[in-house]
Amino acid sequence: MGWLRNSVIGRKRIREKRKDRQYIESEPAQETGLKAQAGSEMVILLQNWKSRIRRYKVYRALLCMTLAVSCTALAGTLYYYVDSSIPSVINIRAGEAQSLNLGVPARGEIVSASEQGVSNIPKGAVDIDLSRTITLKGAMESSYRMQVKLFGFLNFKDVNIQVIEDQELIPVGAPVGIYVKTDGVLVVGTGEFQGGDGVTYSPGKYILKSGDYVRSVNGTPVNQKDEFIRLVEESGGSEILMEIEREGELTQVEVTPVKNASGEYKIGVWVRDNAQGVGTMTYIDSRGNFGALGHGITDVDTSTLMHMEGGTLYRTDIVDIQKGSAGNPGEMTGMIIYSNDRILGEITDNSARGIFGTCNQKALEMGAREPLPIGLKQEIEKGTAQILCTVDGYTRYYDVEITAVHLDHDNVNRGIELTVTDPDLLAVTGGIVQGMSGSPIVQNGKFIGAVTHVLVQDSRKGYGIFIENMLEH
């Protein structure tokens with residue numbers, strides 16, 4: 001019995017030892033599970049941290065990019081503002097002090113070129129702060145150069161200062177009929193035609209292009225499209241040699257005409273040899289010369305300035321006015337009778353600044369008003385002004401508001417921004433209409449410019465050219 005009890009006690013102790021061992025063995029397993037869970041949480045934290053770092057880097061890159069773009073835009077805006085505020089050419093009257101308020105963070109140094117091509121003014125002798133109002137005065141007709149430095153040390157641009165004699169012009173404001181002949185035959189475009197064999201041909205394609213001027217065919221000068229057509233037809237299908245002007249350069253090209261379905265030889269181009277229209281005469285000077293339009297005559301299809309062989313100015317009568325509205329600039333329609341007794345003068349120049357030429361006695365009678373002194377661009381002020389035009393059979397002044405003055409606009413024809421305010425003119429035309437180009441602009445008793453364009457979105461608003469720019473043609 002003692003043995004049996006000892007055996008039972010032994011087995012009980014063994015069971016207890018096993019339980020203790022199992023308990024001891026379970027502790028490391030539980031600890032391992034906690035460590036694994038903590039490790040997983042740490043991995044997640046690390047991944048979140050890396051994700052935040054990546055997002056931070058992206059945000060920082062976007063912020064830096066936005067800052068760089070903003071700085072570039074700001075610098076570009078500042079450059080454009082300063083550049084447009086400083087005119088490339090400043091005209092001043094001889095013997096008269098001229099005030100100029102540019103208000104830009106720059107300084108200018110005046111130099112003058114001698115006959116030897118070097119400055120005869122000591123370096124740094126004339127230094128100007130362009131952020132303040134300055135006064136310029138020249139005793140005689142001459143020219144100077146001002147070297148402009150942004151913030152006083154960055155080389156920016158050169159400005160030509162011209163000392164000119166004062167001038168008076170007669171404002172006209174009367175409608176005129178315009179007829180010009182091209183210098184050569186203008187190529188409007190190329191096309192295809194059906195040959196006698198039923199095949200489509202376009203011999204001139206890739207050889208001639210819109211805007212070319214054909215000066216001669218096989219050595220024979222051409223100035224009229226009828227002459228050009230005749231010379232092509234007389235080729236009999238043989239290759240012809242044409243001298244053309246393209247972008248100011250003369251060159252020679254060869255084209256072989258093809259017989260069309262009607263049995264005529266063609267090269268597949270459309271040509272033009274003249275242009276007609278209605279505009280407004282701007283001024284007559286003391287020598288009997290005129291200026292008109294305030295912009296050049298361009299071809300309606302190619303939008304290029306027409307090369308002119310000669311032209312004639314005719315008296316015209318306005319027979320209809322299409323009132324301008326939003327999206328529709330309106331138009332004055334004139335009747336032009338091409339007779340000698342209605343000729344007003346000869347057109348000698350067609351430039352980006354207008355058309356110019358000489359007047360006859362009939363034109364001089366149109367300019368019966370008193371001459372006005374010209375107003376230079378730095379003298380123009382925002383505010384009330386007048387334009388002189390003829391819309392109801394009578395030439396008279398109408399009120400406008402000058403809303404902006406661009407001393408150095410990249411488009412020479414848009415230095416002045418204006419809005420028509422006169423109720424009488426608005427009732428008749430709705431503002432500025434085609435045919436009013438060249439109408440004189442007058443402010444404070446001075447002749448300051450001419451109307452050039454209408455704003456299509458708002459026919460009350462438009463642009464004008466400085467009169468001094470017209471006189472530079």
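The figures here come from the full heavy-atom set of this structure, side chains too, leaving out hydrogens, waters and symmetry mates.
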Hey, mind stepping through N91 and E468 against side-chain hydrogen bond (donor to acceptor under 3.5 Å, both in side chains) and telling me if it holds?
-> CA-CA 8 Å; N91 292 319; E468 61 187 86; 2.9 Å; yes

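Of all the heavy atoms in I267 and P203, the pair that sits closest is O-CD, 3.5 Å. Closest heavy-atom contact between N413 and H453: CB-CE1, 3.7 Å. Residues M281 and A363 approach most closely at CE-CB, 4.4 Å, considering heavy atoms. For the pair V454 and I432, the tightest heavy-atom approach, listed with the atom from each and the gap, is CG2-O, 3.3 Å. The minimum heavy-atom distance between M470 and R353, with the atom names listed, is CG-O, 3.7 Å. Closest heavy-atom contact between V89 and Q162: CG1-CG, 4.2 Å.
Counting only N and O atoms by type, the side chains of Y398 and R396 include a donor and acceptor under 3.5 Å apart.
Of the inter-residue distances, the one linking K149 atom NZ with F156 atom CZ reads 14.0 Å to the nearest 0.5 angstrom. Residue Q276 holds its CD atom at 11.0 Å from OG1 of T312, rounded to the nearest 0.5 Å. In this structure, CD1 in I86 is found 7.0 Å from CE in M146, a value given to the nearest 0.5 Å. Atom CG of D212 and atom CD1 of I207 lie 11.0 Å apart (nearest 0.5 Å). I134 contributes atom CD1, which lies 9.0 Å from atom CG of D129 (distance to the nearest 0.5 angstrom). Within the model, atoms CZ of F356 and OG1 of T348 stand 9.0 Å from one another, a figure rounded to the nearest 0.5 Å.
Checking side-chain atoms of N350 against main-chain N and O of M306 turns up a donor-acceptor pair under 3.5 Å. A donor-acceptor distance shorter than 3.5 angstrom exists from the side chain of S439 to the backbone of M436, with no hydrogens or angles considered. Panel note: side chain Q443, backbone E381; a donor-acceptor pair is recorded below 3.5 Å. E379 places a side-chain N or O within donor-acceptor distance of the main-chain N or O of L376, the cut-off being under 3.5 Å.
The shortest side-chain heavy-atom distance between I374 and L471 falls under the 4.5 Å cut-off. Taking the side chain as every heavy atom from C-beta outward, I161 and I92 approach each other to under 4.5 Å. Side chains of N155 and L150 form no contact here, defined as non-hydrogen atoms less than 4.5 Å apart. P257 has its side chain out of reach of K266: every pair of non-hydrogen atoms, C-beta onward, lies at least 4.5 Å apart. Residues M242 and L208 have side chains in contact (heavy-atom distance under 4.5 Å, counting atoms from C-beta outward). The closest side-chain heavy-atom distance from Q386 to V400 is not below 4.5 Å. With contacts defined as side-chain heavy-atom distances shorter than 4.5 Å, the pair P329/S459 does not qualify.
Within a 6.0 Å radius of NZ in K461, other residues, nucleotides and ligands contribute 12 heavy atoms or fewer. Within 6.0 Å of NZ in K225 there are 12 or fewer heavy atoms belonging to other residues, nucleotides or ligands. Taking a 6.0 Å sphere around CZ of R107, one finds it holds more than 12 heavy atoms contributed by other residues, nucleotides or ligands.
Partner of I448 under the side chain to side chain contact (heavy atoms under 4.5 Å, CB included) criterion, chosen from V405, I402, I465, V442: I402. Each of D183, T182, I347 was scored for a side chain to side chain contact (heavy atoms under 4.5 Å, CB included) with M308, with one residue passing: I347.
For Y283 and F290, the distance between ring centers is not under 6.0 angstrom.
Geometrically, R342 does not engage Y314 in a cation-pi contact defined by less than 6.0 Å to the ring centre and at most 45° from the axis.
Residue pairs meeting the ring-ring contact (aromatic ring centres under 6.0 Å, His included) criterion with at least one member in residues 414-441, sequence neighbours excluded, do not occur.
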